[in-house]
Amino acid sequence: MNRDDKFIVVAFGGNAFQTKGEKGTPVDYWRNAYRSAEFLIKIIKEGYKIAITHGNGPQVGIIAEWMMAGLKTKGLPPMTLDIAGAMSQGWLGYLLQQALYNKLLEHNLLGNKVKGVVTIVTQVLVNKDDPAFRNPTKYIGPWYDEEEAKRIAKEFGWIMKPDPRGGWRRVVPSPDPVGPVEIDAIKKLVDEGFIVIASGGGGIPVVKEDNRLKGVEAVIDKDLAGERLATALGAETFLILTDVEKVYLYYGTPKQKPVDIMTASEAEKYYKEGHFKPGSMGPKVLAGIRFVRNGGKQAIIGHLFKAYEALKGLSGTRIIPD
Ligand code: ADP
Ligand code: MG
């Protein structure tokens with residue numbers, strides 16, 4: 001696909017579906033999904049074409065809690081993490097798919113240009129020799145005391161470690177994404193005028209072995225996977241929406257300073273200096289650097305509530321090519 005000057009890949013963070021302090025009832029999820037859809041409508045009305053990706057950290061945590069509760073009370077075997085990832089793509093994809101569809105109807109935007117909204121269960125390829133497999137770092141699911149953690153580790157062959165925040169938890173690898181397996185189908189749908197929701201939760205991690213795909217017990221960072229999607233689709237802009245308005249230097253210190261714009265090399269320098277926390281802002285900035293180095297025009301990191309303003313250059317942090 002040629003670089004399309006009005007095509008944006010939008011990455012939603014946790015706050016697109018769950019707001020801090022909420023219980024996370026279905027009513028809460030729908031309210032948040034409609035709110036997120038409303039921000040997209042503003043962008044679509046300006047004539048932009050979009051594809052969407054999203055995180056799933058909290059939901060995979062919840063699915064893990066359900067599975068462990070089911071195991072305890074009914075002896076139901078827990079599913080693997082790739083299956084849990086697929087569940088979360090269906091869960092969140094469905095919410096957004098329906099909310100956005102209804103908003104498009106409400107605003108009279110369904111037609112030749114925007115034909116519909118569709119979620120793709122997306123597998124994302126990772127290298128089976130990715131160093132992350134030798135060094136799992138990502139904490140997921142319920143917290144346990146040491147004794148139970150060690151018992152569970154034995155029973156399921158999981159790696160359990162003490163969480164710096166207290167208690168013991170399962171840790172899994174977070175390999176670097178290579179790209180979405182279903183990219184050709186996604187491209188076709190985008191070209192046809194469908195709004196596609198893909199690579200949800202960073203995608204279902206799969207490796208290629210003996211000329212076959214196989215799910216692995218890992219999680220992929222959604223910002224890094226979003227970059228692979230945006231690059232493969234030839235998007236002009238990669239818009240990462242989160243819960244802060246800008247990227248900051250010296251974040252959380254008295255010297256904290258917002259960044260309006262930085263080149264890939266400047267961003268890389270700040271990244272190496274340790275300004276962006278691993279697992280939160282770190283992967284967003286890294287994804288932005290990769291996106292513009294792979295031919296994208298700009299990556300924007302901004303607040304969900306200011307999605308439109310960020311796109312217009314009135315909010316957020318832009319990463320641009322050198
Ligand atoms: P999301 O669900 O949107 O991916 P994350 O929690 O992963 O959200 O990332 C956003 C968070 O990154 C912010 O809430 C903020 O606390 C944190 N953060 C870490 N370093 C920085 C930084 N340098 N500038 C801004 N935010 C930062
Ligand atoms: Mg995140």
Side-chain angles (χ1 to χ4, degrees), residues 9-22 24 28-29 32-33 35-36 39-40 52-62 85 88-89 91-92 95-96 124 132 137-140 164-165 172 174-177 197 199-203 205 218-230 238-262 266-291 299-307 310 315-319:
V9 170
V10 181
F12 279 136
N15 65 338
F17 297 102
Q18 234 185 342
T19 305
K20 271 176 200 135
E22 280 175 0
D28 293 331
Y29 270 94
N32 291 318
R35 185 183 61 187
S36 301
F39 292 118
L40 296 179
I52 304 162
T53 192
H54 60 80
N56 71 348
Q59 290 72 36
V60 160
I62 291 164
S88 77
Q89 288 186 349
W91 172 357
L92 300 177
L95 285 162
L96 208 50
V124 168
T137 53
K138 194 90 190 159
Y139 288 90
I140 57 140
R165 287 160 286 187
V172 298
S174 187
D176 209 12
I197 302 162
S199 296
V219 292
I220 304 174
D221 181 86
K222 74 105 180 12
D223 299 307
L224 298 181
E227 184 278 323
R228 297 299 188 221
L229 178 71
F238 182 32
L239 178 60
I240 304 175
L241 299 175
T242 182
D243 59 1
V244 283
E245 214 182 303
K246 282 171 199 253
V247 177
Y248 294 87
L249 302 180
Y250 307 101
Y251 182 67
T253 76
K255 272 170 60 184
Q256 173 170 306
K257 194 178 138 217
V259 180
D260 290 327
I261 189 161
M262 52 187 172
E266 285 165 347
E268 190 170 47
K269 178 176 151 271
Y270 298 140
Y271 185 90
K272 285 183 180 157
E273 287 170 1
H275 286 282
F276 318 123
K277 266 199 231 138
S280 58
M281 191 49 76
K284 294 185 206 313
V285 172
L286 187 59
I289 296 169
R290 286 181 178 179
F291 180 68
I300 307 171
I301 301 167
H303 197 290
L304 169 67
F305 298 175
K306 298 212 166 168
S315 180
T317 299
R318 319 173 100 66
I319 301 175

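Each residue takes its place number in the sequence, starting with 1. One-based numbering, in listed order, for ligands and for the atoms of each.
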Out of curiosity, [X] [atom1] to [Y] [atom2], how far, rounded to the nearest 0.5 Å?
X    : Y    : atom1 : atom2 : value
L239 : R318 : CG    : CZ    : 9.5 Å
T317 : M281 : OG1   : CE    : 7.5 Å
Y248 : H275 : OH    : NE2   : 15.0 Å

Sub-4.0 Å atoms of ligand 1 with respect to non-hydrogen atoms of [X]:
X    : answer
G279 : 7 (O)
G13  : 1 (P), 2 (O), 3 (O)
K222 : 1 (P), 4 (O)
F276 : 23 (N)

[atom]: nearest protein contact (heavy atom, Å):
atom                    : value
atom 17 (C) of ligand 1 : S280 OG, 3.7 Å
atom 26 (N) of ligand 1 : M281 CE, 3.5 Å
atom 24 (N) of ligand 1 : Y248 N, 3.0 Å
atom 14 (O) of ligand 1 : D243 OD1, 2.6 Å
atom 16 (O) of ligand 1 : Y251 OH, 2.9 Å
atom 4 (O) of ligand 1  : K284 NZ, 2.5 Å

- Contacts of D221 that satisfy side chain to side chain contact (heavy atoms under 4.5 Å, CB included) - sequence neighbours left out: D223, L224, P283
- Message: Using side-chain contact (heavy atoms from CB on, under 4.5 Å), reason through T242 and K284 one step at a time and then give a plain yes or no.
- Response: CA-CA 10 Å; T242 182; K284 294 185 206 313; 3.8 Å; yes
- Query: Can any side-chain N or O of S88 pair as donor or acceptor with the backbone N or O of Q59 at less than 3.5 Å?
  - Reply: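 Here the side-chain-to-backbone pair does not exist.
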- Query: Does the S174 side chain pair with the main chain of V219, one donor and one acceptor, at a distance under 3.5 Å?
  - Reply: yes
- Message: So for ligand 1, is T242 a polar contact partner (N or O within less than 3.5 Å, distance only)?
- Response: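 So ligand 1 has an N or O lying under 3.5 Å from an N or O of T242.
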- ligand 1 to G14 polar contact by distance, N or O atoms, under 3.5 Å: yes
- Assess A11 for proximity to ligand 1: is some non-hydrogen atom of it under 4.0 Å away? no
- Query: Going by the angle between their ring planes, with limits at 30° and 60°, are F276 and Y271 parallel, tilted or perpendicular?
  - Reply: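 Rings of F276 and Y271: tilted, 30 to 60°.
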Donor-acceptor pairs are to be reported for all side-chain atoms of residues 255-262 against protein atoms at under 3.5 Å, with residues two or more places apart or in another chain.
from	atom 1	to	atom 2	distance (Å)
Q256	OE1	G252	N	2.8
D260	OD1	K246	NZ	2.4

- Where does K246 meet ligand 1, judged by heavy-atom distances below 4.0 Å: at the side chain, the backbone, both, or neither?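 Contact part for K246 vs ligand 1: backbone (N, CA, C, O).
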